[in-house]
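Structure record follows, encoded as C-alpha cells.
A note on names: the letters A, B, ... follow the listed sequences, proteins ahead of strands, and every chain is numbered from 1. Side chains are part of it too, since the values below use all heavy atoms of this structure and drop only hydrogens, waters and symmetry mates.
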There are 2 protein chains.
Amino acid sequence: MSSEAVVPVVSARREEILAIAAGLFAEQGFATTTVREIADAAGILSGSLYHHFDSKESMVDDLLRGFLDDIVARYRAVASGDDPVGVLRALVRTGFEAVDAHRSAVAVMLNEYNLLIQYPRFAFLRNAAEETERIWVEVLERGMETGVFRADVEARMVYRFMRDAIWVSVRWYRPDRRYRPDEIADFYLATLLEGIAQSS
Amino acid sequence: MSSEAVVPVVSARREEILAIAAGLFAEQGFATTTVREIADAAGILSGSLYHHFDSKESMVDDLLRGFLDDIVARYRAVASGDDPVGVLRALVRTGFEAVDAHRSAVAVMLNEYNLLIQYPRFAFLRNAAEETERIWVEVLERGMETGVFRADVEARMVYRFMRDAIWVSVRWYRPDRRYRPDEIADFYLATLLEGIAQSS
DNA sequence: GACGCGACCAAGCGCGCGCTAGGTTGGCTT
DNA sequence: AAGCCAACCTAGCGCGCGCTTGGTCGCGTC
C-alpha cells in the first residue's frame with residue numbers, strides 16, 4: 001500500500017506560481033510581463049520557473065484551459081432549464097460570478113484572446129467561445145419564439161452586448177467593494193430585461 | 001510672398017505612417033508590434049521612422065490625443081441639449097460612429113488604456129475619460145431626476161455598462177457588413193431603453 | 001547512511017528589440 | 001547652377017528578453 005492520496009495531483013507550488021503569473025498577466029498584459037517579473041513575485045530566479053513550466057506560453061495555456069473548462073461546464077449545467085428568462089438570469093449570474101471568482105483568467109481572456117487565437121495551440125479558446133455563444137443564443141432564440149423576449153433584435157447581437165458588458169466589468173469591479181456579484185448581475189438584468197426608460 | 005498655404009500643416013507622409021501604425025497597434029497590441037513591422041508596412045526601414053517620430057511611444061500618443069480631442073468635443077456639443085433621452089441617444093450614436101470611423105484608435109484605447117495610464121505622459125487619457133464620464137453621468141442623473149429614467153440603478157454603473165458595450169463592439173463590428181453604426185446604436189438603445197422582455 | 005527527488009540556484013547564450021549617427025538622394029526654390 | 005531640406009538608407013549599439021544547462025540543497029524513505 002502506498003500513500004498516494006496524500007500526494008497532490010499537481011504540485012501546490014506550481015498552482016501558487018500560476019496564480020502569481022495570472023495576476024501579472026491580468027494587470028500588465030501577457031506580452032509586457034517578463035518571466036523575471038513572475039519569478040521575482042514568486043521569490044525565485046527566472047530559470048527556476050522552468051522546473052514547473054515548459055514556457056511562458058504554457059502558463060497562460062494552463063490558466064485559460066482550467067478556467068474555460070470550468071465555466072463552460074457551468075453554462076451547460078445552467079442551460080438545461082426550461083424557462084428562458086430563468087436560464088438567462090442564471091447565465092448572467094454565472095458570468096458575473098466568474099468575473100468575481102476568476103478575475104485574472106477573465107481579464108487575460110478579455111485582453112489576450114485576439115492575440116492568442118492566432119496560434120494553433122490556443123484553438124481551444126475558439127472552441128470554448130463558440131460553444132458558449134451557442135448556449136446563450138439558443139436560450140435567447142427560444143425566448144423569442146415563445147414570446148418572452150422581443151424578436152426585433154438579433155439574438156447574436158444581444159448575446160455579444162451581454163457577453164462584453166459582463167466580461168469587461170472585470171476592469172472596474174473590485175471584489176471588496178459595495179456590490180456582490182449577484183447584485184451587479186441583478187442590476188444588469190433589470191436594465192436588460194426592463195430597460196432604463198420609465199414606462200409611466 | 002510665400003506660398004505657405006500649399007504646405008501641409010503636418011506631413012502627409014507622417015499621417016500615412018501613423019495610420020499604418022495605428023492599424024498594427026489595434027490588431028496586435030502596442031507592446032507586440034515592433035518598429036520594424038511598422039516600417040515594413042510603410043515600405044521603409046525601421047530607422048527611417050525616426051525622421052517622423054521621436055519614439056514608438058510618441059506614435060500612440062499622437063494617435064490617441066487626436067482621437068480624444070475629437071470625440072470629447074463631439075460629446076460636449078451633443079450634451080448641450082435639454083431632453084435627456086434625446087441627449088443620451090445622441091451620445092450613444094456618437095460613440096458607435098467613433099467605433100466605425102476611428103476603429104484603430106478605439107481599439108488601442110480599449111486595449112492599452114490600463115497599460116499607458118501608468119506613464120505620466122499619458123495623463124491626458126485619464127482627463128478625457130473623466131470628462132466623458134462626467135458628461136454621460138450628468139445626463140443620466142438629470143433624466144432620473146425628471147423621471148424619464150428609472151432611478152433604482154446607479155448612474156455610474158449604467159454609464160460603465162454603456163461605455164463598455166459600445167467600445168468593445170469594435171472587436172466584432174466590421175464596417176463593410178450588414179449594419180451601419182446608427183443601426184447598431186438603435187438596436188442597442190432599444191434594448192437599453194425598453195429592455196428585451198416582452199411586456200405583453 | 002545512502003539514495004531519490006522536488007525545488008531551486010548560478011551563469012549565461014543568442015536573438016530581436018527600440019533607437020542612433022552619419023550619409024545619400026532627388027525635387028524645389030532662388 | 002547652387003543650395004536646401006524632407007525623406008530615406010546604412011550599419012550597428014546596447015539592452016533585456018525567453019530560455020538552457022549543469023549543479024546544489026534538504027527532506028523523506030527504506
For residues 13-25 of chain A, which residues have at least one heavy atom under 4.0 Å from DNA chain D?
none
Output the rounded distance in Å from CG (A/Asp61) to P (D/dG18).
17 Å
Could you give the CG-to-P distance, from B/Leu49 to D/dT10, as a whole number of Å?
15 Å
Select base, sugar-phosphate, or nothing to describe what B/Ser46 touches, counting heavy atoms under 4.0 Å on all strands.
base
Please check: side-chain N/O of B/Ser48 versus main-chain N/O of B/Ile44, any donor-acceptor pairing under 3.5 Å?
no
Judged by atom type as modelled, is there a donor-acceptor pair below 3.5 Å linking the side chain of A/Gln28 to the main-chain atoms of A/Phe25?
no
Any side-chain N or O of A/Ser48 under 4.0 Å from OP1/OP2 of C/dC9?
yes
Are A/Leu18 and A/Met59 side-chain neighbours, meaning at least one heavy-atom pair lies under 4.5 Å?
yes
Looking only at C/dC8, D/dG18, C/dC19, the nucleotide nearest the A/Lys56 side chain is D/dG18
Taking the nucleotide of DNA chain C with the closest heavy atom to each, which residue, A/Ala42 or A/Arg36, is nearer the 5' end?
A/Ala42
If you look at every strand shown and take non-hydrogen atoms under 4.0 Å, does B/Thr32 touch a base, only sugar-phosphate, or nothing?
nothing
Rounded to the nearest Å, what distance is computed from the CD1 atom of residue A/Ile38 to the C1' atom of nucleotide D/dC19?
13 Å
Please determine, for the side chain of A/Tyr50, which listed nucleotide (D/dG18, D/dC9, C/dA7) has the closest atom?
D/dG18
So that I can tick it off, tell me whether A/Arg13 and A/Glu16 are bridged by a salt bridge, with the cut-off set at under 4.0 angstrom between side-chain N and carboxylate O.
yes
When all nucleic acid strands are considered with a 4.0 Å heavy-atom cut-off, which category describes A/Ile44: base, sugar-phosphate, or nothing?
sugar-phosphate
With a 4.5 Å limit on heavy-atom distance, are the side chains of A/Arg134 and A/Glu138 in contact?
no
Donor + acceptor pair across side chains of A/Tyr179, B/Glu154 (<3.5 Å)
yes
Measure from the side chain of A/His52, starting at C-beta and using heavy atoms only, and say which of C/dA7, C/dC19, D/dC8 lies closest.
C/dA7
NE2 of A/His51 versus P of C/dC8: gap in Å, rounded?
7 Å
Check: B/Gln118 side chain, B/Leu115 main-chain N or O, donor-acceptor pair, under 3.5 Å
yes
Tell me: CG of B/Leu45 to P of C/dC19, nearest whole Å?
16 Å
Looking only at D/dC9, D/dC8, D/dC17, the nucleotide nearest the A/Thr34 side chain is D/dC17
